[in-house]
Peer 1: 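Take a look at this one; I'll ask things after.
Just so it is clear: chains get the letters A, B, ... in the order the sequence lines come, proteins before strands, and each one is counted from 1. Remember, predicted model here, so these are calculated numbers, not experimental data.
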Amino acid sequence: MKTEHIGKPISRIDGRAKVTGEAKYAGEYNIPDLVHGCVVSSAVAKGKITAIDASGALRLPGVLHVLTHKNTPQLAQSDESYSDEVAPPGSPFRPLYDNEIKFSAQPVALVVADSFELAHYAASLIRIEVEPEPHSTNLDVEREKAYEPKPRELLKPPPEPRGNAEKAHAEAAVRMDAEYFAPVEHHNPMELFATTVVRDEDGRLTVYDKTQGVQNVQNYLCNVFGYAKSDLRVISPFVGGAFGAGLRPQYQAFLAVLAARELKRSVRVTLTRQQMFSLTHRPVTRQRVALGASSDGVLQAVIHDAISETSRFEDYTETVVNWSGLLYKCDNIKLNHRVVSLDLNTPGDMRAPGAVWGLYALECAIDELAVNVGIDPIELRLKNYSEKDYNEGKPFSSKELRACYRLGAERFGWARRNSQPGSMREGGALIGWGMAGGVWEAFQVMADAKAVLTADGRLTVSSATSDIGPGTYTVMTQIAAELLGLPIENVTFKLGDSSFSQAPVEGGSFTP
Amino acid sequence: MNGFTYTRTDDVAGAVRELAADGASKFIAGGTNLIDLMKENVERPQRLIDITHLPLGGIHPSPNGGLRLGALATNTDVAYHEEVERRYPLLSKSILAGASPQLRNMATVGGNLMQRTRCYYFYDTATPCNKRALGTGCSAMKGFNRIHAILGASAQCIAVHPSDMCVALAVLEAVVRVTGPGGERTVPLAEFHRLPGDTPHVDTNLRPDEIITAIDLPAKGYAGRCSYLKVRDRASYAFALVSVAAALEMDGEKIREARIALGGVAHKPWREPQTEALLQGQTVTQDNFQRFAETLLQGAKGFGGNTFKIELAKRAVVRALSRAAAGEEQP
């Protein structure tokens, strides 16, 4: 396709604003009389709060309020109100709801003061007495309690078994069977999670939030606090990284709105770097992959079992094992995914959730099988190349893996690789060359945009999407300029405002 | 962080006077460690005395033929100083193995001596820690102790000293110059830092009313045969799991003198001159180095998470000595 703008390398539309500091992030909106909240985090992973002594903090001039579960007013009561666009099944966490501590660094109080420094100092003076309870945060310890999770909306559970994988594995001429472990990963983007709530004299709120979905946050806050959408607007034009941590509304947004509502003031809450570890995370995962093949490397059996972790209150799952039913052609497949609940906050989607670890295990296993068969790992992959998605029996929307293998091997000089362990050196270091393939779903989700073309030939397109870094501002501008045949400088794309046309959270690679 | 007052002083006598005037004061120079500790509420000084304007920034030849590093010389100043690079490459390499360029630009060598441990529990005020609050217990002993001590630890504390620079200074047998109300005195580096014993809250033998003014390097720098090997979880911007500073003086094929200090393994840079003597008169062989490493680590004790460091330290010692003997450029 010949294009004027799409696919052309141009400078990022938002690049200049970002490198000059003109781009404002959620914690950078300064208005007169803004007050500051500091979160107090639980020091234990499980227990019950028996007493909170905030007197030391409240004695300080300039400390305005200490919010805890004791003085938080009654808010929405149903789990549904606390749910959101991407919430897994379960009972979402409610900040400052009761005296129960469900995970380490759970927010247990919010100190609000005239200055950021004072709020933080005051927070250090709050004494929280807790009756700790035994906690379990180790997947391996709880592994025997793994269960089949409730299915998550939009995600496909592992496909039904095909053929008889156990029997085919047992009878295969060449076999491998191994376990793969992946630890917890935290998103921890550079920009700290922050929310600045600006309250106007009529009590309407403008919420500057760090999020991957302004309307998701707006819906959540309106449901929880009972605001009309016309009275609570969420704005997030720039996001300093998120990696999935900003898909669900996070607790600093809840706390900032709660404080603004209680104090009738404009409030900012910025988390500390340490508190960022309490938001969400990619779950710890243990996987067993067992492959069987004929002596010349034709796959006969694929068995892939994954166990990952979730919280005690929600069944978080991601697509870990399904890839093993579609990346290679095989008639005998058995895939299984179970979860173990631990005393941790609910895990969340993080950069290609599920696929990252599922494919790591599958591709390591394929390599191990190649060694056992005694052929090149690329040859083994080509031999078992799948021409369609066997999980669904449908053709792929696009698949260029064969070309990738060829091009990659060419450019990398794969032919020069010596497959014998310990045979290749670079200076004094032993090195090895390896390869792996990847696969990801081509999600499609409904989104709206509004386009206004004025008489001077200028076009403004807007949608309530987000730009967490992929270049949405730039790409959407290019698309709009292309479709209407306009010079790129005549086109403006706006995003990150809940009052714009409906858009989903930016995630799953469905937003460019 | 608590509220504090700020004072600036322009000469050493003034600094000593200000410190004596208020026991809840702390000197601040680069602030690369103190500010972090204040943010975590581990240090809560009521007053900061800014000493960055004291005339202690220079690096000059010393009367004994060595080099005098002013306490306020930055880590960067020292690491890239022409004379240091030429005569004391071990020191330069050790400094550059630590922190990041930004931190080294701010951090002073005096402050580097005073760095506090990076033990997770020391930093986490929600947990017991004898170093932070004597008598509360040691959380690391039975907790996550991957980064902790294998030598010289006590029942009260298994924290390690985090500095790279001090490991090289231990080998070079540097001398710390300090000034207090009673005048100036010198402390050999080996006696500057302490083992935890029953007083883990006291890191050094610097008295509470003293200020570090300089570090003296003796004339001998072992420039031809030295090595600083740092083993860590990341290739940069990480503290040592184990580090080794090694220096050799040869007499033909035989070792005339060997000096080896370990970092990341104890509450202070770890040196055993009596064990080093075993290498005297020996030839440069893997076996000899291996035997030395075994002896040096024979008293080592792991606490579970850090037990791997014992073997790691032995191998690092052998490698560092082999590199020093070969006179190799350090990677």
Peer 1: Got a sec: does the NZ of B:K39 have more than 12 other heavy atoms crowding it under 6.0 Å?
Peer 2: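 No, because the 6.0 Å sphere around NZ of B:K39 holds 12 heavy atoms or fewer from other groups.
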Peer 1: To check you understand the geometry: which heavy-atom pair defines the closest contact between A:Y121 and B:M1, and what is its length?
Peer 2: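 Here A:Y121 and B:M1 meet closest at CB-O, 3.1 Å.
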Peer 1: Assess whether side-chain contact (heavy atoms from CB on, under 4.5 Å) is satisfied between A:Q274 and B:E40, documenting all intermediate values.
Peer 2: CA-CA 10 Å; A:Q274 289 85 336; B:E40 297 302 321; 2.5 Å; yes
Peer 1: So which part of B:N41 gets closer than 4.5 Å to some heavy atom of chain A, the side chain, the backbone, both or neither?
Peer 2: side chain
Peer 1: Does atom CD (A:E131) have a neighbourhood of more than 12 heavy atoms from anything else shown, all under 6.0 Å?
Peer 2: no
Peer 1: Should the heavy atoms of other residues, nucleotides or ligands under 6.0 Å from NZ of B:K142 be counted, would the total exceed 12?
Peer 2: no
Peer 1: Please list, one pair per line, the donor and acceptor atoms closer than 3.5 Å that link side chains of residues 123-136 of chain B to other protein atoms, with sequence neighbours excluded.
Peer 2:
from: B:Y123; atom 1: OH; to: B:N33; atom 2: ND2; distance (Å): 3.2
from: B:D124; atom 1: OD1; to: B:A126; atom 2: N; distance (Å): 3.0
from: B:T127; atom 1: OG1; to: B:Y121; atom 2: O; distance (Å): 3.2
from: B:T127; atom 1: OG1; to: B:D124; atom 2: O; distance (Å): 2.8
from: B:N130; atom 1: OD1; to: B:G135; atom 2: N; distance (Å): 3.0
from: B:N130; atom 1: OD1; to: B:T136; atom 2: N; distance (Å): 3.2
from: B:N130; atom 1: OD1; to: B:G137; atom 2: N; distance (Å): 2.7
from: B:N130; atom 1: ND2; to: B:Q156; atom 2: O; distance (Å): 2.9
from: B:K131; atom 1: NZ; to: B:P200; atom 2: O; distance (Å): 2.8
from: B:K131; atom 1: NZ; to: B:D203; atom 2: OD1; distance (Å): 2.5
from: B:K131; atom 1: NZ; to: B:H267; atom 2: NE2; distance (Å): 2.7
from: B:R132; atom 1: NE; to: B:F122; atom 2: O; distance (Å): 2.7
from: B:R132; atom 1: NH1; to: B:T127; atom 2: O; distance (Å): 3.4
from: B:R132; atom 1: NH2; to: B:Y121; atom 2: O; distance (Å): 2.6
from: B:R132; atom 1: NH2; to: B:D124; atom 2: O; distance (Å): 2.8
from: B:R132; atom 1: NH2; to: B:T127; atom 2: O; distance (Å): 2.8
from: B:T136; atom 1: OG1; to: B:C129; atom 2: N; distance (Å): 2.9
from: B:T136; atom 1: OG1; to: B:C129; atom 2: O; distance (Å): 3.0
from: B:T136; atom 1: OG1; to: B:A133; atom 2: O; distance (Å): 2.7

